[in-house]
Participant: 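A single structure is presented below for examination.
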Amino acid sequence: MKKKNIILVGFMATGKTSVGRQLAQKTGMQFVDMDALIVEREGRAINEIFATDGEPYFRELEKELSKELAQQSGLIISTGGGIVLNPDNIAAFSATGLVACLTAQPEEILRRVARCQSRPLLADDKEKKVRDLLQQRRPLYEAIPFQVTTDGRKPEEIAARILQQFHS
Ligand code: S3P
């Protein structure tokens, strides 16, 4: 069956949003950033959602949005790093789309998130949190068949690699 969407999965700061924009530009498909859509619909920032209603509430929003988007077609979807925590999300996306898992070395991730204040799971000791979360989630990311390394590669190159796979 022809895949209808491209879904970008991966740890925080692996470049899902910039690669997604490149893909949308190259294909003319519509770009959807799940975090941005959740923020828009909730009318508040991710930090605020976590602080007020907790992580389980955010995961519920993610789950519902995954189901909704997986039923559409012609989309480039950039997911939040925790999308892999619920296997139903990946199953829903994989049923109709190409799921690409972007990877980066922990040192590169740490460099990229160094000054970021908008990720609630990385408050305080960023280095420890990045390493712990990467370790916990590694098997979930590795379970995705199509892996794309981003270290030392520009978003254009990464997008080209994903498109090659999408059209194959
Ligand atoms: C999260 C990643 C974030 C955002 C939220 C939780 C995670 O998205 O969904 O802060 O659990 O890894 P990015 O991967 O775009 O940073």
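Start at 1 and go down the list; that is how both ligands and their atoms are numbered. Numbers here simply count residues along the sequence, with the first being 1. Treat the numbers as computed from the prediction; the structure is a model and nothing was measured.
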Participant: Students should be able to answer this: which protein heavy-atom is nearest to atom 5 (C) of ligand 1, and at what distance?
Facilitator: I46 CG2, 4.0 Å

Participant: Looking at every non-hydrogen atom in both residues, tell me the closest pair between Q147 and T103 and how far apart they are.
Facilitator: OE1-CG2, 3.3 Å

Participant: What is the ring orientation for Y141 with F11, classed by angle as parallel under 30°, tilted 30 to 60°, or perpendicular over 60°?
Facilitator: perpendicular

Participant: I need the nearest protein heavy-atom contact for atom 7 (C) of ligand 1: residue, atom name and distance, please.
Facilitator: G82 N, 3.3 Å

Participant: Nearest protein heavy-atom contact for atom 2 (C) of ligand 1: which residue, which atom, what distance?
Facilitator: G81 N, 3.3 Å

Participant: Just going by heavy-atom distances, which of R119, R59, R137, E62 is nearest to atom 12 (O) of ligand 1?
Facilitator: R137

Participant: Any donor-acceptor pair under 3.5 Å linking the side-chain atoms of Q135 with those of R138?
Facilitator: no

Participant: Pairing donors with acceptors under 3.5 angstrom, does anything connect the side chains of Y57 and E62?
Facilitator: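 Result is no, nothing qualifies.
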
Participant: Identify, for atom 10 (O) of ligand 1, the protein heavy atom at the shortest distance, and state residue, atom and that distance.
Facilitator: P120 CD, 3.5 Å

Participant: When you look for heavy atoms under 4.0 Å from ligand 1, do you find them on the side chain of L85, its backbone, both, or neither?
Facilitator: neither

Participant: Enter the distance from R119:CZ to N47:CG here, rounded to the nearest 0.5 Å.
Facilitator: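 These two atoms lie 10.5 Å from each other.
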
Participant: Please confirm whether the backbone N or O of I76 pairs with a side-chain atom of N5, one donor and one acceptor, at under 3.5 Å?
Facilitator: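 Not a single qualifying donor-acceptor pair exists.
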
Participant: Can you tell me the protein heavy atom closest to atom 14 (O) of ligand 1 and the distance?
Facilitator: K16 NZ, 2.6 Å

Participant: Specify the protein heavy atom at minimum distance from atom 15 (O) of ligand 1: its residue, its atom name, and the distance to 0.1 Å.
Facilitator: D35 OD2, 3.4 Å

Participant: Within a distance under 4.0 Å of any heavy atom of F58, pick out the atoms of ligand 1 and give their elements.
Facilitator: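 Within the 4.0 Å cut-off of F58, ligand 1 contributes 9 (O).
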
Participant: Quick check: closest heavy atoms across R112 and A104, and the distance to 0.1 Å?
Facilitator: NH1-CB, 4.3 Å

Participant: For ligand 1, does E55 get within less than 4.0 Å through its side chain, its backbone, both, or neither, judged by non-hydrogen atoms?
Facilitator: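 Neither part.
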
Participant: Contact between M34 and ligand 1, counting heavy atoms under 4.0 Å?
Facilitator: no

Participant: Report yes if the side chains of F93 and I6 come closer than 4.5 Å at any heavy-atom pair, otherwise no.
Facilitator: no

Participant: In terms of atom number and element, which parts of ligand 1 are under 4.0 angstrom from non-hydrogen atoms of G80?
Facilitator: 8 (O), 9 (O), 14 (O)

Participant: Could you check if a side-chain atom of E55 sits within less than 4.5 angstrom of a side-chain atom of L85, using non-hydrogen atoms only?
Facilitator: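 The answer is yes; the side chains approach within 4.5 Å.
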
Participant: Within the 4.0 Å heavy-atom shell around L121, which atoms of ligand 1 are there?
Facilitator: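 Result: 7 (C), 11 (O).
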
